[in-house]
Amino acid sequence: MKILSNFALLILATASAFAQAPTDSITDSWEKELELNEVVVVAKRPVVKQQEGKLVYLVKNDPYAKGLDGESVLDRVPRVSVNNGAVSVAGKGTVRYIIDGILMELDASAMSMRLKSLQAEDIEKSSC
């Protein structure tokens, strides 16, 4: 009887030793992949935002606007379309241009030339 109880005790001790040791190699490798030395947080600023009942397009936040001229930048603004140099906002043909706080009163061809001379890097934002 004593030999049987020692044998049962040996089996229980062996089983508990195996239960405590991790046997799943997938879990071990997954846990090792989660060990980080540092964390880098990347954030992007919005390109378009709604502000005081108007839409503001922030050119400086648009990575695809780099290297474009002013007319091409306007074509990227939602609700604004440019066709053969003619700019329209939400389907309306009359557009007012304010550049550096000055209302530009130029005809369509002169304004188109002025917009083509501007570079995207020089434009901070466009509102409509």
Side-chain angles (χ1 to χ4, degrees):
M1 180 76 168
K2 190 173 186 178
I3 295 174
L4 186 60
S5 67
N6 285 344
F7 182 70
L9 186 59
L10 180 64
I11 291 175
L12 287 174
T14 307
S16 67
F18 282 119
Q20 291 176 359
T23 59
D24 191 3
S25 62
I26 295 173
T27 304
D28 290 343
S29 66
W30 181 75
E31 288 175 355
K32 289 178 185 174
E33 289 178 359
L34 289 179
E35 293 176 12
L36 301 174
N37 293 332
E38 64 181 71
V39 176
V40 177
V41 177
V42 178
K44 294 182 181 178
R45 293 182 177 225
V47 176
V48 179
K49 63 182 181 178
Q50 193 79 22
Q51 188 178 46
E52 300 173 5
K54 61 183 175 181
L55 195 63
V56 178
Y57 171 73
L58 301 166
V59 180
K60 63 183 178 181
N61 294 348
D62 188 358
Y64 301 109
K66 305 262 187 287
L68 297 178
D69 62 21
E71 196 171 75
S72 299
V73 168
L74 278 180
D75 202 24
R76 294 188 52 77
V77 177
R79 300 191 305 194
V80 176
S81 63
V82 180
N83 295 320
N84 297 327
V87 180
S88 63
V89 178
K92 298 178 183 173
T94 56
V95 179
R96 292 184 349 182
Y97 300 93
I98 301 173
I99 300 176
D100 294 330
I102 301 170
L103 179 63
M104 306 299 283
E105 296 186 21
L106 301 171
D107 63 344
S109 62
M111 195 63 220
S112 176
M113 299 241 335
R114 173 79 167 114
L115 289 173
K116 287 180 183 177
S117 69
L118 290 174
Q119 293 300 310
E121 290 80 17
D122 300 330
I123 303 170
E124 182 180 341
K125 64 183 175 180
S126 174
S127 303
C128 59

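Just so you know, these numbers come straight off a predicted model, no measurement behind them. Atom set for the values below is all heavy atoms of this structure, side chains included, hydrogens, waters and symmetry mates excluded.
- Taken together through direct or relayed side-chain contacts under 4.5 Å among Ile, Leu, Val, Met, Phe, Trp and Tyr, Val77 and Val56 form parts of separate hydrophobic clusters.
- To the nearest 0.5 Å, atom OG of residue Ser112 and atom CG of residue Leu106 are 11.0 Å apart.
- Under the 3.5 Å distance criterion, the side-chain polar atoms of Asp62 are matched with a main-chain donor or acceptor of Tyr64.
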_Apply side chain to side chain contact (heavy atoms under 4.5 Å, CB included) to residues Arg76 and Leu68 and explain how you reach the verdict._
CA-CA 10 Å; Arg76 294 188 52 77; Leu68 297 178; 3.6 Å; yes
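- For the pair Tyr97 and Ile102, the minimum side-chain heavy-atom distance is 4.5 Å or more.
- If you take CZ on Arg96 and CD on Glu105, they are separated by 9.5 Å, rounding to the nearest 0.5 Å.
- Taking the side chain as every heavy atom from C-beta outward, Tyr57 and Leu55 never approach each other to under 4.5 Å.
- No single ILVMFWY cluster, assembled from side-chain heavy atoms under 4.5 Å apart, contains both Met113 and Val87.
- Counting only N and O atoms by type, the side chains of Ser72 and Asp75 include no donor and acceptor under 3.5 Å apart.
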Just list the side-chain donor-acceptor pairs under 3.5 Å for residues 114-128, sequence neighbours left out, or say none.
from, atom 1, to, atom 2, distance (Å)
Ser117, OG, Arg114, O, 2.6
Glu121, OE2, Gly67, N, 2.9

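- If you chain together ILVMFWY residues whose side-chain heavy atoms come under 4.5 Å of each other, Leu103 ends up grouped with Ile98.
- Under the 4.5 Å side-chain contact rule for hydrophobic residues, Leu58 and Val73 do not share a cluster.
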*Working for side chain to side chain contact (heavy atoms under 4.5 Å, CB included), residues Met111 and Ile99*: CA-CA 11 Å; Met111 195 63 220; Ile99 300 176; 3.7 Å; yes
